[in-house]
There are 4 protein chains.
Amino acid sequence: MARERTRTKVHAAALSLAGERPVAAITMEGIAARAGVSKQTLYRSWSSTGEILFDALLARSLDENGRVTVPNSGDLAVDLTALATGMIDELADPTQERLLRALTAELQSDDALAAQFRAALLEPQLSGISERLRQASVPAPEDVAELFVGPIFHRWLLRSRSFDAEWVAAHVERVLRSAGAR
Amino acid sequence: MARERTRTKVHAAALSLAGERPVAAITMEGIAARAGVSKQTLYRSWSSTGEILFDALLARSLDENGRVTVPNSGDLAVDLTALATGMIDELADPTQERLLRALTAELQSDDALAAQFRAALLEPQLSGISERLRQASVPAPEDVAELFVGPIFHRWLLRSRSFDAEWVAAHVERVLRSAGAR
Amino acid sequence: MARERTRTKVHAAALSLAGERPVAAITMEGIAARAGVSKQTLYRSWSSTGEILFDALLARSLDENGRVTVPNSGDLAVDLTALATGMIDELADPTQERLLRALTAELQSDDALAAQFRAALLEPQLSGISERLRQASVPAPEDVAELFVGPIFHRWLLRSRSFDAEWVAAHVERVLRSAGAR
Amino acid sequence: MARERTRTKVHAAALSLAGERPVAAITMEGIAARAGVSKQTLYRSWSSTGEILFDALLARSLDENGRVTVPNSGDLAVDLTALATGMIDELADPTQERLLRALTAELQSDDALAAQFRAALLEPQLSGISERLRQASVPAPEDVAELFVGPIFHRWLLRSRSFDAEWVAAHVERVLRSAGAR
DNA sequence: AAATAACCGAGACGGTACGTCCCGTCTTCGC
DNA sequence: GCGAAGACGGGACGTACCGTCTCGGTTATTT
């Protein structure tokens with residue numbers, strides 16, 4: 001519906017606003033003003049700031065055609081460590097963190113957005129990881145992928161404790177042991 | 001500050017509103033009207049609906065003197081299964097789920113609330129579990145507690161897949177194996 | 001400019017809308033939608049809903065080749081009574097009243113429309129009446145025509161009081177007396 | 001409801017805006033901004049710009065405690081001439097004319113406002129005039145009052161022709177003659 | 001019959017205003 | 001003199017229309 005030029009302007013405006021204030025303080029009016037676009041144009045294509053931000057994030061990650069590529073060096077421990085480190089870096093990246101937290105919050109009250117999120121970001125990630133585990137003949141690879149991702153996400157989301165290399169190594173070790181791979 | 005009678009009325013109003021509409025649609029004005037209290041009275045004691053709801057939840061769980069009691073039957077697998085089942089039941093309890101999701105969302109943008117939450121609810125839970133693990137001589141019990149809780153939370157929060165008894169059993173099994181207890 | 005077919009569709013749409021809602025609630029978009037015509041087509045030929053309605057009214061009254069014909073029976077009192085009754089019926093006609101009131105309102109703020117209205121509808125009416133008066137040798141027939149029309153219009157416009165046969169008779173009587181014809 | 005200070009600010013803002021642009025271009029937002037008042041405050045007490053303007057006009061004419069005082073010099077012709085001249089001056093007063101025209105327009109589509117207008121302004125005027133006529137033993141004084149006022153209003157409203165002293169004199173003469181007073 | 005306009009529908013677009021909701025502060029008034 | 005009731009300035013909401021602007025399809029000539 002929206003012309004490409006318009007989408008681009010809106011994405012840029014949304015991301016720039018996200019960089020300079022609490023995501024919860026971003027408004028439709030603010031995005032419209034920053035993008036030089038009318039509110040109606042926004043509402044024609046998106047129904048909340050959450051949708052716009054998610055769309056902007058998606059567009060950005062597609063631009064960087066950053067499909068989650070899971071490394072496969074042959075050594076599962078090494079690969080999982082790299083994966084965990086990558087995830088942690090991304091979660092902690094100051095240009096992304098606020099956005100990711102806000103998106104997670106939004107998912108709690110917006111089922112449609114949650115479904116989109118699962119399909120577009122979560123499932124590719126989990127199935128990438130479980131695929132790698134399957135290649136290593138790990139049993140129940142989907143569940144083990146969750147065992148791998150869950151604690152990282154839990155720590156990050158509840159800010160319970162910080163991440164360090166030592167913890168990552170121990171975590172990978174525990175996951176492998178649980179999979180019977182050690 | 002607020003008189004006990006007032007606190008009670010406000011808590012009741014907040015929880016009753018939470019039971020009948022999306023938590024995000026709860027407003028200070030709505031709570032004041034429902035509680036038969038002036039907005040000023042609300043602002044004297046709380047500064048957001050999030051605070052009121054958190055306070056109401058705390059008060060309720062203290063009333064039910066619901067300290068997280070971790071079972072200790074001697075058989076760690078049995079105890080962890082009971083724990084997981086209890087957590088899952090609580091997370092899925094329709095009278096709580098919306099509130100818990102909303103609270104989780106709120107934590108993402110309110111540091112003070114997040115700190116309170118960690119101190120009052122999260123840490124007691126995690127340390128209860130890790131204490132039980134320590135009694136079973138599991139190494140790094142804090143980390144294993146997180147390995148246990150993280151995936152459950154991840155599934156629930158992202159609604160990625162549903163819980164069933166089979167998955168719980170397998171999950172407990174994996175956690176124990178990762179701890180070297182199997 | 002506009003093709004005849006288009007003009008007809010637009011007139012029909014405008015009048016049908018006027019029949020089912022307050023005239024002030026008629027919009028260019030509404031007319032376009034009802035007529036199955038694009039907004040641009042409307043703007044090419046008219047610049048406001050007022051113009052369209054006026055145009056539609058004019059077209060309709062030309063169709064009914066409804067030029068104001070002033071009766072001339074020889075008896076001035078009878079003729080004026082018939083005229084007054086006719087005017088009152090037309091003003092009170094439910095299919096016209098809203099339109100006429102709205103048009104009168106519009107005239108207050110649209111000079112161009114007011115001039116068109118005077119030339120196309122008001123002057124023919126007044127000069128028809130004054131012509132009839134002149135034939136009866138009434139002095140200052142234009143002014144007496146206004147004396148005749150003014151109070152009727154005043155009553156209708158300000159809805160001050162309703163019309164009945166008795167009042168009409170007395171009014172005609174007064175007008176004739178003022179003209180020295182009684 | 002509205003505090004006196006607020007009403008005053010709003011009235012001043014509305015009248016000042018009316019002085020500098022077409023009345024139809026006055027908006028609730030504009031008045032709110034000019035008055036330094038929130039839109040909600042406006043809507044708490046008035047539901048349209050028409051109501052505000054009418055209220056402002058009323059307040060102003062009450063301030064000047066300008067009840068319509070009908071002169072009574074003993075000579076009816078002299079008094080009616082003075083009355084007509086006064087009405088015409090007021091209708092033509094450039095600071096009022098736009099407002100009065102707009103108000104007349106508004107009355108056509110707002111029944112509540114029309115009723116208020118009749119009760120507060122029109123009836124006092126007409127009954128003042130008919131009272132003066134009654135003192136001069138004119139029969140059907142209410143109807144004659146309308147005969148007097150109607151043509152003046154008709155001329156003004158439809159801008160059909162302008163007023164001059166000669167016309168006024170002839171008009172008064174006609175009205176008196178119709179009443180049998182000449 | 002093909003080329004060339006004029007006209008049209010559809011509807012995206014930047015805007016302005018609407019009327020509403022809620023925010024957090026301030027004022028009033030009755031107990 | 002405290003506290004409910006609620007007025008207030010403010011900001012954002014989501015919607016309705018405004019008038020302008022492409023964009024493809026007809027229609028009707030005009031060659």
Side-chain angles (χ1 to χ4, degrees), chain A residues 1-7 9-10 24-49 51, chain B residues 1-3 5-6 9-10 21 24-33 35-49, chain C residues 1-7 9-10 21 24-49, chain D residues 1-7 9-10 24-49:
Chain A
M1 224 184 204
R3 292 204 282 237
E4 202 45 39
R5 175 85 189 101
T6 304
R7 283 177 61 87
K9 283 195 294 181
V10 170
I26 295 181
T27 65
M28 293 298 258
E29 297 209 332
I31 296 175
R34 175 73 56 97
V37 134
S38 82
K39 281 204 290 176
Q40 204 49 235
T41 297
L42 253 41
Y43 282 105
R44 245 192 299 272
S45 303
W46 303 274
S47 70
S48 68
T49 53
E51 265 186 30
Chain B
M1 209 179 214
R3 287 203 295 230
R5 174 86 191 101
T6 304
K9 282 197 294 181
V10 170
R21 69 185 66 175
I26 295 181
T27 65
M28 293 298 257
E29 298 205 335
I31 296 175
V37 135
S38 88
K39 284 204 290 174
Q40 208 44 242
T41 301
L42 253 42
Y43 281 105
R44 244 190 300 272
S45 303
W46 303 275
S47 70
S48 69
T49 54
Chain C
M1 209 178 212
R3 289 201 292 232
E4 202 44 39
R5 174 85 190 101
T6 303
R7 283 177 63 85
K9 282 196 293 181
V10 170
R21 69 183 67 173
I26 295 181
T27 65
M28 294 298 256
E29 298 209 332
I31 296 175
R34 174 71 58 96
V37 135
S38 88
K39 284 202 292 175
Q40 206 46 239
T41 300
L42 252 42
Y43 282 105
R44 245 190 300 271
S45 303
W46 302 274
S47 71
S48 69
T49 54
Chain D
M1 224 181 204
R3 291 205 284 236
E4 203 45 40
R5 175 86 191 101
T6 303
R7 283 177 62 87
K9 283 195 293 182
V10 170
I26 295 181
T27 65
M28 293 298 258
E29 297 209 332
I31 296 175
R34 176 71 57 97
V37 134
S38 82
K39 282 205 288 176
Q40 203 48 232
T41 297
L42 254 41
Y43 282 104
R44 245 193 298 271
S45 303
W46 303 276
S47 70
S48 68
T49 54

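To find a chain, count down the sequence lines: A is the first, B the second, and so on, and within it residues start at 1.
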S.K.: Closest heavy-atom contact between D:M28 and D:L42?
M.R.: O-CD2, 3.2 Å

S.K.: Return the value, rounded to whole Å, for the distance between atom CZ of C:R44 and atom C1' of F:dT22.
M.R.: 13 Å

S.K.: Closest heavy-atom contact between A:T27 and A:T49?
M.R.: C-CG2, 3.8 Å

S.K.: Could you check how far CD of C:E4 sits from C1' of E:dC8, rounded to whole Å?
M.R.: 16 Å

S.K.: What's touching nucleotides 18-23 of chain E from the protein side, N or O pairs under 3.5 Å?
M.R.:
residue, atom, partner, partner atom, Å
E:dC18, OP1, D:M28, N, 2.9
E:dC18, OP2, D:M28, N, 3.2
E:dC18, OP2, D:E29, N, 2.9
E:dG19, OP2, D:Y43, OH, 2.4
E:dG19, O5', D:Y43, OH, 3.4
E:dG19, N7, D:K39, NZ, 2.7
E:dG19, O6, D:K39, NZ, 2.7
E:dC21, N4, D:Q40, NE2, 3.3
E:dC23, OP1, B:M28, N, 2.9
E:dC23, OP2, B:M28, N, 3.2
E:dC23, OP2, B:E29, N, 3.0

S.K.: Over how many whole Å does the gap from A:L42 atom CG to F:dG14 atom P extend?
M.R.: 10 Å

S.K.: What does B:V37 touch in the nucleic acid at a heavy-atom separation under 4.0 angstrom: a base, only the sugar-phosphate, or nothing?
M.R.: nothing

S.K.: Think D:T6 has a side-chain N or O under 4.0 angstrom from the OP1 or OP2 of F:dC8?
M.R.: yes

S.K.: Strictly below 4.0 Å: does B:S38 bring a side-chain N or O up to OP1 or OP2 of F:dG3?
M.R.: no

S.K.: In whole Å, I'd like the distance from the NZ atom of A:K9 to the P atom of E:dA12.
M.R.: 15 Å

S.K.: Mind checking what makes side-chain hydrogen bond (donor to acceptor under 3.5 Å, both in side chains) contact with B:E29, not counting sequence neighbours?
M.R.: B:K39

S.K.: What are the two closest heavy atoms between B:A32 and B:S38, and how far apart are they?
M.R.: CB-C, 4.2 Å

S.K.: In whole angstrom, give the distance that lies between atom CD1 of C:I31 and atom C1' of F:dC17.
M.R.: 12 Å

S.K.: Give, for atom NZ of C:K9 and atom OG1 of C:T41, the distance between the pair rounded to the nearest 0.5 Å.
M.R.: 8.5 Å

